[in-house]
Q: 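Sharing a structure with you now.
Each residue takes its place number in the sequence, starting with 1. As a basis for the values below, the full set of heavy atoms in this structure was taken, side chains included, without hydrogen atoms, waters or symmetry mates.
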Amino acid sequence: MLVCIACEREEPVKREIPFTIYLPAETMVRHQSPRRVMGDPGQTERFALPNYIYLFVFWKQEGEWRIMDQEEWRLQNNDWKATRYTGPLMSEGDSIYSVTKRMNIMLVGNNVQGRTYAIASPVPLTFSKSLGSIVTLDDVLDLKIDVSSQEIQDNLHNIYTTPYNYEVGGQYYGAFDNSVNYVVNLDLMLYHIASKVDIKWSVAEDKRINADPSQAVRLTYMEARRLFNGWAYCFMPLRNTLPELPSSGYDIPDIVSPGDEGLWWEGRAYFYTIPYTVEGDPNYFPLQMKMGTNGTKETAGYELTLKQKTDTSDVFVPWIRGVFNFNQPLDTKTAVKTVD
């Protein structure tokens, strides 16, 4: 869909502009490829290339940012090209995936200031408002997506957007300007909206299977609880809030289960979740876990809220690493730990 706003004083000029979307990549393998973004602790993972890209192009008209164009791209995996990056948005020579299309944008005047925002996903998204109703910059910054479905939760690590507060050279990195003799190229690197949670656990050597049975420790259950599953900001990923710590939500059960004998004493797992803060405690992103030792899922009762310090002025969502060292069985209780 293409939306154009004309100016009464000047005739609009149609410009065909190349627009390139970049995704950070770790290897040159195409299609279902391993990729990472800034802050990733480095574990190779498999991600899906986006098939849906939603673009919003704004211009500054009489001091106010107004919608100039809006498009939706439908892509195939082979539309993406694996290459090496050159530019200011990440390290020179890093692996990336890119896709370029030419957009016909109606420009008016010789000194147009513009901004672009983009969302990429392998599955279609449900938005908090009709995309056709977006007129001002505030409209698009307030845009949210519904992350409550199983499909979206399974694809949180495959959804990327342009952070609203990422600046290069002192201005928003998706900014551009236009003049009569200048054809602008629009280049955007997209980043994850979901935080990676990387969990590692270990039972002390002297508490493992050969220990005194009365003192032995086995981690027999772990799950992530009450993860964010409502409406999440597209372009302000650190502005998601809830009125209070949730008592229900999306769970990831059986990260460790009683039958996982190979994980009883040590292991590592990761998942992705939308970061948020609680209105009464706005400086921390709470992550709720449930764990149990020496028992079954039904007897697991140790609940931990891990509080990761966050700052809403940060650009990229935090990557969270939890390291659990067990040297005694867990009691059935609730605990809170603050992470610096």
Side-chain angles (χ1 to χ4, degrees), residues 1-7 12 15 17 19-23 50-75 89 99 101 103-108 112-147 152 156 158-168 171-178 184-194 228 230-241 274-276 312-317:
M1 179 175 65
L2 184 64
V3 179
C4 302
I5 297 178
C7 176
R15 295 280 181 85
I17 297 175
F19 193 116
T20 302
I21 293 287
Y22 301 106
L23 294 180
N51 301 117
Y52 297 84
I53 293 183
Y54 307 88
L55 296 171
F56 306 90
V57 184
F58 288 82
W59 67 352
K60 201 167 191 178
Q61 185 183 30
E62 298 181 351
E64 183 178 0
W65 291 103
R66 307 287 293 182
I67 193 76
M68 180 195 298
D69 290 278
Q70 182 185 120
E71 290 196 0
E72 179 183 333
W73 296 354
R74 299 289 182 92
L75 302 176
L89 305 180
V99 60
K101 286 184 176 291
M103 296 171 56
N104 289 313
I105 293 181
M106 302 296 288
L107 299 178
V108 178
V112 173
Q113 291 179 288
R115 287 187 175 189
T116 55
Y117 297 83
I119 306 165
S121 171
V123 295
L125 301 173
T126 299
F127 293 96
S128 57
K129 63 181 71 175
S130 166
L131 299 186
S133 69
I134 292 175
V135 176
T136 68
L137 185 59
D138 286 342
D139 290 338
V140 80
L141 294 184
D142 190 51
L143 191 63
K144 298 179 181 181
I145 59 171
D146 184 2
V147 300
I152 297 299
L156 286 179
N158 296 318
I159 299 175
Y160 303 80
T161 69
T162 48
Y164 80 106
N165 57 345
Y166 188 10
E167 294 186 352
V168 175
Q171 68 175 347
Y172 170 64
Y173 82 117
F176 67 94
D177 57 53
N178 167 68
V184 66
N185 293 288
L186 303 183
D187 299 316
L188 281 182
M189 180 74 72
L190 274 58
Y191 298 93
H192 280 132
I193 65 166
F228 190 96
W231 291 92
Y233 281 113
C234 297
F235 305 110
M236 301 190 294
L238 289 173
R239 295 296 181 94
N240 298 301
T241 62
I274 297 294
Y276 69 94
T312 57
S313 65
D314 287 344
V315 173
F316 305 108
V317 293

Q: Any donor-acceptor pair under 3.5 Å linking the side chain of T162 with the backbone of A118?
A: yes
Q: I want to check something: taking the side chain as every heavy atom from C-beta on, are D187 and F176 in contact at a cut-off of under 4.5 Å?
A: no
Q: Step by step, would you call D146 with S128 a side-chain contact (heavy atoms from CB on, under 4.5 Å)?
A: CA-CA 7 Å; D146 184 2; S128 57; over 6 Å; no
Q: V99 versus L23: any side-chain heavy-atom pair under 4.5 Å?
A: no
Q: Can you confirm whether R74 sits close enough to Y52 that some side-chain heavy atom of one is under 4.5 Å from a side-chain heavy atom of the other?
A: yes
Q: Side chains of Y233 and K144: closer than 4.5 Å at any heavy-atom pair?
A: yes
Q: Which word best sums up how the rings of Y160 and H192 line up, parallel for under 30°, tilted for 30 to 60°, or perpendicular for over 60°?
A: parallel
Q: Any donor-acceptor pair under 3.5 Å linking the side chain of T136 with the backbone of D139?
A: yes
Q: Verify, without hydrogens or angle tests, whether T116 (side chain) and G174 (backbone) share a donor-acceptor contact under 3.5 angstrom.
A: yes
Q: Would you please indicate if the ring centroids of Y191 and Y166 are separated by under 6.0 Å?
A: yes
Q: Between I119 and L143, is any pair of side-chain heavy atoms under 4.5 Å apart?
A: yes
Q: With rounding to the nearest 0.5 angstrom, report the CD1 to CZ distance, I67 to R115.
A: 13.0 Å
Q: Could you report the tightest heavy-atom contact between M236 and L141, atom names first, then the distance?
A: CE-O, 3.2 Å
Q: Find out whether F235 and N165 are in side-chain contact, i.e. whether some heavy atom of one side chain is under 4.5 Å from a heavy atom of the other.
A: no
Q: Please find the pair of heavy atoms, one from I152 and one from P124, that lie closest to each other, and give the distance.
A: CD1-O, 4.1 Å
Q: Does a side-chain heavy-atom distance below 4.5 Å link L55 with W73?
A: yes
Q: Should the ring pair Y172 and Y117 be called parallel, tilted or perpendicular, given that the plane angle runs from 0 to 90° and is split at 30 and 60?
A: parallel
Q: Spell out, as yes or no, whether a donor-acceptor pair under 3.5 Å connects the side chain of N51 to the backbone of L75.
A: yes
Q: Got K101 and I53 here, is their nearest side-chain heavy-atom distance under 4.5 Å?
A: no
